[in-house]
Structures are given as C-alpha cells and as structure tokens.
Amino acid sequence: MSDEPRALLGRARGLAGFTLGELAAAHGVPLPEAPTRSKGFVGRLLERALGASPTSTAMTDFPECELKTLPVDALGRPRESTFVCHVQLPQLAEIGWDDSRVRAKLRRVLFVPIETGRALAQPTRRVGQAFLWEMSTEQEALLRDDYALLASRVALGELERIDARWGRVLQLRPKAANARIRVRAHDLDGAPVRVLPRAFYLRAQFTAALLRDALPLRA
DNA sequence: TATTGATCATAT
DNA sequence: ATATGATCAATA
C-alpha cells in the first residue's frame, strides 16, 4: 500500500479533541439547527475536513481508503450500526463475496469516532482518536459467511423473510426515504417484483470489536 | 437499554 | 430513481 492511508490517519488524528462546532467554523460550514434534520452532517463535515472529494464517483472516499464516522457513547462504545452500501437485489445472487461492493468498501476503512449522546448538543460533540482498519482473516471469514448466507437466501426468493437479526456481523436492513419506497427485484421465476430497498450494515458489536483491537483501553 | 425498522439531507 | 452520508424512534 502507498502511505496515503497512513498520512490520512495522521491528519485525522490531528482532529482529535476538536468539537464539531469548531470544525464546522474552521471550514465555513453552517451548523444544522435541528439534530433530526442533520443525519449525514457529521460524515460530510469530516469528508471536508480531511479533503475527500465530495462528488467522488469512485468506490471509496479516498483512492485507497473509505472514511466512516463512528458515533460512540461516553465509554467509547458504538451507538449505532454502520452503513456499508445498498444491495443490488437483481444481481446479488451472481456476485460472490470476492467481487462484492461490501468487500470493496471495507477493504480499508478510516474510522473516526465521534462522542455522541442525547445530552450532548451537536456543536459540542468531540472528535475522538481515528484508527485505520483492514479486515483480518478471521473478520473476513465472518463477513464472507454472513454475505453468503444473505445472498443465498435472497437467491431463494426469501428476501421478505430476512430481517435485521440475520448475520453475525453483517446485517440487511431497510434503506429508504420511507417505508413506501420500492425498487425492482425479481422472484424465483424471474418475474419482476417491487420491494423495499435494503442495505448492508455492520453491527455495532462488530465495530466495537474493531475499536477495542485498534485502541485498547489503557490504565 | 439494545436493536430493529424507518427516516432525513444532499447530490447525481 | 439511485447512491452516500448516517441517526431517529418505536419496539422487544
């Protein structure tokens, strides 16, 4: 690998300790007024702070690295799952793990923890210690198994039986503006059907493990 | 309280 | 309509 990911990590670590308010001010970004209306704000702010091309058509935010903010509580535990990518339902059955978008996205990830919580107003939330993750053999085996399970059940026409409980580390959940949105898919006979869009997510328990491996607590 | 299913903003 | 950035809010 080039040293780009390392350089990026260094820059991300330089942001540790700053509040989102400070970061927004430094980049001339207005802070959203309603927290519920600002779901993607943190991610876009960090992209900007780290110089990712906002309109990158590439698979990942940076040539060799995907950027993900990670909301954590006061104890440093992830508060949410992590979105990976939409599922291409019509093609899922034909795309194996090795060629999947999930694997491409997760090849190398720069995680930036952000301390978040109901009691913490967005401008006062702080950036934590960023870390770089590349999946281990064991982690990839877990991801591959979950992907294979989900893909095979979809191929069997059982999409509607799949819920967020499936998968040990990788799950399939709705991903849409609302529950009435539909996308094209097809049933076992190849007949077109319209279904709620789904996406792959990493379970919070999984990213918690990544955090522990990367930033072990010290006494 | 942890997790699932639903939702919101922005851009192409 | 699709993709990326996610978090909200109802439920188990």
Quiz item: Using a cut-off of 4.0 Å on non-hydrogen atoms, how would the nucleic acid contact of Gly43(A) be classed: base, sugar-phosphate, or nothing?
Solution: sugar-phosphate

Exercise. Go through the structure and list residues passing salt bridge (charged side-chain N to carboxylate O under 4.0 Å, His left out) with Glu33(A), not counting sequence neighbours.
Key: none

Quiz item: What is the distance from CZ of Phe111(A) to P of dG5(C), rounded to the nearest Å?
Solution: 12 Å

Self-check item: Closest-nucleotide ordering on DNA chain B, the 5'-leading residue of Arg180(A) and Ser81(A)
Solution: Ser81(A)

Quiz item: Between dA6(C) atom C1' and Arg37(A) atom CZ, what is the distance in whole Å?
Solution: 15 Å

Self-check item: Rounded interatomic separation in angstrom, taking CG from Leu45(A) and P from dA6(C)
Solution: 11 Å

Quiz prompt | Arg168(A) CZ - dT3(B) C1' separation (whole Å) | solution = 19 Å

Practice problem: For Gln205(A), look at atom CD and say whether over 12 heavy atoms of other residues, nucleotides or ligands are found less than 6.0 Å away. | Solution: no

Quiz prompt | Check: Gly167(A) main-chain N/O paired with Asp146(A) side-chain donor or acceptor under 3.5 Å | solution = no

Self-check item: Residue mapping more 5' on DNA chain B - nearest nucleotide basis, Arg79(A) or Leu196(A)
Solution: Arg79(A)

Quiz item: Name the stems with DNA chain C in them: runs of three or more consecutive Watson-Crick or G-U pairs, distances under 3.5 Å?
Solution: B:1-12 with C:1-12

Quiz prompt | d(CG, Leu31(A); P, dA9(B)) in whole Å | solution = 16 Å

Exercise. With side chain to side chain contact (heavy atoms under 4.5 Å, CB included) as the test, would you mind laying out the steps for Arg198(A) and Lys175(A) before giving the verdict?
Key: CA-CA 5 Å; Arg198(A) 318 295 167 100; Lys175(A) 171 68 166 165; over 6 Å; no

Exercise. Please work out if Ala204(A) contacts a base, only the sugar-phosphate, or nothing of the nucleic acid, heavy-atom cut-off 4.0 Å.
Key: nothing

Exercise. Measure up the Phe131(A) and Phe111(A) rings against each other and bin them: parallel (under 30°), tilted (30 to 60°), perpendicular (over 60°).
Key: parallel

Self-check item: Enclosure of Arg194(A) CZ (heavy-atom neighbours >12, cutoff 6.0 Å)
Solution: yes

Practice problem: Test Val109(A) against Leu132(A) for side chain to side chain contact (heavy atoms under 4.5 Å, CB included), laying out the working first. | Solution: CA-CA 6 Å; Val109(A) 182; Leu132(A) 211 46; over 6 Å; no

Atom pairs under 3.5 Å: protein N/O with N/O of nucleotides 1-4 of chain C:
unit_1	atom_1	unit_2	atom_2	d
dA3(C)	OP1	Gln88(A)	OE1	3.3
dA3(C)	OP1	Gln88(A)	NE2	3.4
dT4(C)	OP1	Arg101(A)	NH2	3.2
dT4(C)	OP1	Lys105(A)	NZ	3.2

Self-check item: Nearest-Å distance for atom pair CD/P, residues Glu33(A) and dC8(B)
Solution: 15 Å

Practice problem: Just call it for Pro71(A): base, sugar-phosphate, or nothing, with non-hydrogen atoms closer than 4.0 Å on any strand. | Solution: sugar-phosphate

Exercise. Quickly work out the Arg48(A) CZ to dT10(B) P distance and round it to whole Å.
Key: 13 Å

Quiz item: Taking NZ, NE, NH1 and NH2 as the nitrogens, is one of them in Glu115(A) or Arg126(A) under 4.0 Å from a carboxylate oxygen of the other?
Solution: no

Quiz item: Between dA9(C), dT7(B), dA6(B), which one does the side chain of Lys39(A) approach most closely?
Solution: dT7(B)

Quiz item: Tell me: CD of Gln205(A) to C1' of dA2(B), nearest whole Å?
Solution: 9 Å

Quiz item: Taking Leu23(A) as the fixed residue, which of Leu45(A), Val29(A), Leu31(A) is the one that meets the side-chain contact (heavy atoms from CB on, under 4.5 Å) rule?
Solution: Leu45(A)

